[in-house]
Protein chains: 2
Amino acid sequence: MPPSPVPDEPLSTRQRILQAAAAQFARRGFHGTSTRDIAAEVGIRQPSLFHHFTTKQAMLAELLDRDLQPALERIRRHRGANPAVRLYAYLVEDVAALVASPFDVRGLYNDAVLEDPSLIEQRRAREALHAEMRSLVTDGIAAGEFRACDPEVARQMMTGMLLDTIWAAGVPADLDVGGRAKEVADFVLRGLLSDRGHVALVEREAMALATRPGRG
Amino acid sequence: MPPSPVPDEPLSTRQRILQAAAAQFARRGFHGTSTRDIAAEVGIRQPSLFHHFTTKQAMLAELLDRDLQPALERIRRHRGANPAVRLYAYLVEDVAALVASPFDVRGLYNDAVLEDPSLIEQRRAREALHAEMRSLVTDGIAAGEFRACDPEVARQMMTGMLLDTIWAAGVPADLDVGGRAKEVADFVLRGLLSDRGHVALVEREAMALATRPGRG
DNA sequence: GTCTATAGATCGATAGAC
DNA sequence: GTCTATCGATCTATAGAC
């Protein structure tokens, strides 16, 4: 468990703006959300937002950063392990992080907002994450663990699953995080592994990795 | 093969509007696309759009209908076959249809535009499609063909894969449709089947179904 | 740090000529 | 069936008082 902040400490206005923005982006998309919508949810007037963020896109940029940077750290964490185990551990950790996040990331990648020049840094981070995912698949195929398949196709399917899996999850309360995470990871592994008998073995090793403290 | 229209016949303005709208929705999302953007791509002025469609949402409604109705027919087509074969056949046919479609369907389900009251019919059609997908999974589990899993989770993963698979496909020219379709279907089947040895058998039967003429 | 007031741009859609 | 002209609403962001 990460050292979470004191739970009873009141959230800063800046933090509440980010949460409101993420929730609205998830519901209506970036362009479908107005700054008035966000301000109303926070409980302040629309121009007050611009004391905390220079533009509406700056809100999105920070939300993207707070999602992408930890994801990059997660996928790069277990460099030593073999590809199947690393992939399984990443998927479990990613689903868990997505569900546990105070921000609703589901709307961040929907519109093609990342094409905007002001978000070039975030677009590069996302491409780096995709490259890591492809690399994991490629390594697995080279190692004989995965069957031959197009790494980019596999990456797209994983991305789609990760985002869509939490799409309807909605209320975190009714969600068995661990169960959901392992279900996704199992599904992917079964789709990729060349030897199905290894599913149980990979899962055991990956869970040992995934539950390990930090990135040290 | 369906009786396709004469290829050289010039497209109606209405059809060109739909194609332009779909392309723009895919790039920028529904709310991120202005009617002026669409008109510019068609080569007419913005108010001229409203001779062909009463509202911007009516364009989206027709695009949704043209995607959802055939999909519903596809998934209901092979009622007699066993669940694994039906699922495989549906996935192959769906990917093929998505890629072959003159409309770019990728932006239609991104924003939560379906929540709009004027699109309630389309929302119901989409829910019916999701129910059919869940039903296929449930039937497969009951028949012992699929391992135990949450049908809604499986449905979400399939939806994510189907949409995301064609997301980056982009230019249809550089795409091996049949290969892509079978890759998605294989991935899903491997993720679901309780007995992996059946993958090849299911694929053979499903391809026989999928290439069969019509829905009779 | 939040407010009121408002600028300045863009949006979807209508009116009416041709 | 497409055009020009334009309405009224809504949008992001700024100015400046408190």
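Computed from a prediction, not measured in an experiment: that's the story for all the values here. Below, chains carry the letters A, B, ... as their sequence lines are ordered, and counting in each starts from 1.
- Across all their heavy atoms, B:Leu119 and B:Ala61 have their closest contact at CD2-CB, 3.6 Å.
- Counting non-hydrogen atoms under 4.0 angstrom, A:Ser12 reaches nothing in the nucleic acid.
- Here the shortest heavy-atom pairing between B:Val42 and B:Arg16 reads O-NH2, 2.7 Å.
- Checking A:Arg86, A:Lys182, A:Arg77 one by one against A:Glu93, the salt bridge (charged side-chain N to carboxylate O under 4.0 Å, His left out) holds for a single residue, A:Arg77.
- The separation between B:Gln57 atom CD and C:dG12 atom P is 11 Å, rounded to whole Å.
- Heavy-atom minimum distance, A:Arg190 versus B:Leu193: NH1-O, 4.4 Å.
- The phosphate of C:dT10 has neither OP1 nor OP2 within less than 4.0 Å of any side-chain N or O from B:Ser34.
- Electrostatic pairing of A:Glu132 and A:Arg79 counts as a salt bridge here, judged by a charged N lying under 4.0 Å from a carboxylate O.
- Counting all heavy atoms, side chain and backbone alike, A:Asp37 lies closest to A:Gly32 at OD2-O, 4.2 Å.
- The bend of the helix from C:dG1-D:dC18 to C:dC18-D:dG1, defined by the angle between the axes of its first five and last five pairs, stands at 0° to the nearest 10°.
- Under the 4.0 Å criterion applied to side-chain N and carboxylate O atoms, A:Arg27 and B:Glu115 are assigned as salt-bridge partners.
- The span of DNA chain D lying next to chain A, judged by atoms under 4.0 Å from heavy atoms, is bounded 5' to 3' by D:dC11 to D:dT14.
- Contact check for B:Gln46 versus B:Phe50: side-chain heavy atoms found under the 4.5 Å cut-off.
- Within a heavy-atom distance below 4.0 Å of DNA chain D, the residues of residues 42-55 of chain B found are B:Ile44, B:Arg45, B:Pro47, B:Ser48, B:His51, B:His52.
- If you take CD on B:Glu152 and OG1 on B:Thr159, they are separated by 8.0 Å, rounding to the nearest 0.5 Å.
- Between B:Ala89 and B:His78 the shortest heavy-atom distance is CB-CD2, 4.1 Å.
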